[in-house]
Protein chains: 2
Amino acid sequence: MNTTRSGRPALTRPDGTPLRVLVVDDDPDLAEVLSGALRYEGWQIRTAGDGASAVAAARELLPDAVVLDVMLPDTDGFAVLRALHTVKADVCVLFLTARDAVEDRIKGITAGGDDYVTKPFSLEEVVARLRGLLRRAGMARQLDEGPRLTVGDLVMDEDAREVTRGGELIELSPTEFELLRFLMRNPRRVLSKAQILDRVWSYDFGGRAHVVELYISYLRKKVDAGREPLIHTVRGAGYVIKPATP
Amino acid sequence: MNTTRSGRPALTRPDGTPLRVLVVDDDPDLAEVLSGALRYEGWQIRTAGDGASAVAAARELLPDAVVLDVMLPDTDGFAVLRALHTVKADVCVLFLTARDAVEDRIKGITAGGDDYVTKPFSLEEVVARLRGLLRRAGMARQLDEGPRLTVGDLVMDEDAREVTRGGELIELSPTEFELLRFLMRNPRRVLSKAQILDRVWSYDFGGRAHVVELYISYLRKKVDAGREPLIHTVRGAGYVIKPATP
DNA sequence: GGAACCTCTCAGGACCCTCTGAACCGGCCC
DNA sequence: GGGCCGGTTCAGAGGGTCCTGAGAGGTTCC
């Protein structure tokens, strides 16, 4: 079976083969970071640096999804999108865009089922959006948990952005939510602070690992408050989330 | 089963296969945006840029419906309409027309049960009109909710453009109505302001996301006033509508 | 021509989120 | 015991998000 590097089953195509994703960005460093994170999900990745080679690569790879920087050196996003759809009509597209980009350039481009994230983004967010897109488009087989993550009596609904423990609703800030999602996607697995920082915080974040400790403490107050703890510290190594009674 | 990208069941042909829609517009960007939105409904889409290729495409695709720009470079809408009907007599047509177009000519065209929207339109409106058209023409199987949307004790009758909560009638302006419809068609799913702007506001709207907040506040005053709130803010993410007691 | 309505912009203000700095706490090693 | 280190917690500044009210411009309908 096709699995991720972390050992859990990968989201695959309906026939069980790895999902195929094309990453298009003119910044090679960023493209590398992105494809690393997506490869980690067990997917088959290819990269391109401009619109023309993106279309060429798509013709060969026939990807299930494309991660597409809107600002490319040679073409505009609409043209690439159109070309991609003629290559493969049902392809999903996740756009990358600068926060201060002229909004109407983006406007409409995501009007379909497609989605976008603004730079600077966190890898966890890109992966989550991509998984959501692929799941909803029926491109992915439900080998994983689907839109719902569970650890013990703690449940997260990613689409509704709702978290409950023992049926009781827990309100989380955006960062808290993303941190908890990362933990819950890797249950029973010790995650180092550096790993968490790389995944949950955006790639240009300069701060130190102290933030992670801080947000873990926020999470504990909301998730573990007065109950059997799910979040555990592993001194010198990092943090784990795991069910209370294994 | 055939489903939309948002996961809810799609409106399909009577035999269960996806509805086939042809989009005809000479502006390729607009055609792309439109087909994206219609693909999102789970339908099979094809595009054409002028009258001649529209008729050719129709001969191949045998579409259930056609979205047709009245102003085409080569032919006028009436000629295309006539040609389309010789290809497939029972085809539904949704016309796209400029606001200042001669209204009685359009009225004459649409007398046969067809419909039209004026540019600039919102995607939500195009989709809704098309769904209504297909439903009334008996082209579509009622796998979805039909003309009535329900979230808790809030009920919207799309055809009558009537909204009630707990039986009490709520008066809404056109924009308020369309915003609420979009929310109610995606219950329990967090919708970002950009997403809402893309679907509910017309494609040429240049303004910023602030309008969405404003209209959400209008809706709350009318829909949630003094009652258990159905519309919720998810800070940093968007808005959701969901029943009070799940 | 006027009134009512709808839509959108602008500015003010409340609140929340995020991160920093610093104090505190407990285990571990010398 | 004393110092050190990793981790936890608290307090607070700052920045951002979101809500609201006032009002201008446009449209529709008498």
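In the text below, chain A, chain B and the rest are named by the order of the sequence lines, each starting its count at 1.
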Original post:
What residues, two or more places apart in sequence or in another chain, satisfy side chain to side chain donor-acceptor pair (under 3.5 Å) together with B:S122?
Top reply: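 With sequence neighbours excluded, B:S122 shows a side chain to side chain donor-acceptor pair (under 3.5 Å) to B:E178, given in chain and number order.
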**OP:** Would you please name every residue forming a side chain to side chain donor-acceptor pair (under 3.5 Å) with B:K221, sequence neighbours left out?
**Re:**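 Here no residue qualifies.
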Original post:
Relative to the ring of A:Y215, is the ring of A:Y218 parallel (under 30°), tilted (30 to 60°) or perpendicular (over 60°)?
Top reply: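 Rings of A:Y218 and A:Y215: perpendicular, as their planes differ by over 60°.
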Check: [Y] main-chain N/O paired with [X] side-chain donor or acceptor under 3.5 Å:
X      : Y      : result
B:K222 : B:E171 : yes
B:D69  : B:L72  : no
B:R188 : B:V240 : no

Interatomic distance where [atom1] belongs to [X] and [atom2] belongs to [N] [whole Å]:
X      : N      : atom1 : atom2 : value
B:R235 : D:dG16 : CZ    : C1'   : 8 Å
B:K193 : D:dG16 : NZ    : C1'   : 11 Å
A:H232 : D:dG7  : NE2   : P     : 16 Å

Subject >> Footprint string (nucleotides 9-15 of chain D, 5' to 3'): B base within contact, S backbone only, - free, heavy atoms under 4.0 Å >> reply: BB-----
Subject >> Counterpart residues, side-chain contact (heavy atoms from CB on, under 4.5 Å), relative to A:A194 (two or more places apart) >> reply: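 side-chain contact (heavy atoms from CB on, under 4.5 Å) check on A:A194 returns A:S192.
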Subject >> Residues forming a side-chain contact (heavy atoms from CB on, under 4.5 Å) with A:V33, sequence neighbours excluded >> reply: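 A:L123.
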**OP:** Go through the structure and list residues passing ring pair (Phe, Tyr, Trp, His ring centres under 6.0 Å) with A:F121, not counting sequence neighbours.
**Re:**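 Expected list: A:Y203.
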**OP:** Could you list the residues that satisfy salt bridge (charged side-chain N to carboxylate O under 4.0 Å, His left out) with A:D26, not counting sequence neighbours?
**Re:**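 Partners of A:D26 by the salt bridge (charged side-chain N to carboxylate O under 4.0 Å, His left out) criterion come out as none, since no residue qualifies.
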Subject >> salt bridge (charged side-chain N to carboxylate O under 4.0 Å, His left out) partners for A:K193, two or more places apart >> reply: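 Testing A:K193 for salt bridge (charged side-chain N to carboxylate O under 4.0 Å, His left out), a comparison that skips the adjacent residues, returns A:E213.
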Tell me which donor-acceptor pairs under 3.5 Å the side chains of residues 159-166 of chain B have, and how far apart each pair is, sequence neighbours excluded?
residue, atom, partner, partner atom, Å
B:R165, NE, B:D153, OD1, 3.0
B:R165, NH1, B:V223, O, 3.0
B:R165, NH1, B:D224, OD1, 3.2
B:R165, NH1, B:E228, O, 3.3
B:R165, NH2, B:E228, O, 2.8

Original post:
Side-chain N or O of A:Y215 less than 4.0 angstrom from OP1 or OP2 on D:dT8?
Top reply: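 It does not, given that no N or O in the side chain of A:Y215 lies less than 4.0 Å from OP1 or OP2 of D:dT8.
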**OP:** Taking only the side-chain nitrogens and oxygens of B:T233, find out if one of them lies under 4.0 Å from OP1 or OP2 of D:dT17.
**Re:**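 Answer no for this pair, as no side-chain N or O of B:T233 is under 4.0 Å from OP1 or OP2.
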**OP:** Please round to 10 degrees the angle between the axis of the first five pairs and the axis of the last five pairs in the helix from C:dG1-D:dC30 to C:dC30-D:dG1.
**Re:**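 Helix axis angle between the two ends: 10°.
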Original post:
Does anyone know the first and last nucleotide of DNA chain C in reach of chain A, 5' to 3', at under 4.0 angstrom to a heavy atom?
Top reply: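 Range of nucleotides touched by chain A: C:dC17 to C:dG26.
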Original post:
Among residues 172-183 of chain A, which contact DNA chain C at a heavy-atom distance under 4.0 Å?
Top reply: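 Correct list: A:S173, A:P174, A:T175.
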Subject >> NZ/NE/NH1/NH2 to OD/OE distance under 4.0 Å, A:D25 and A:K119 >> reply: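 So A:D25 pairs with A:K119 through a salt bridge.
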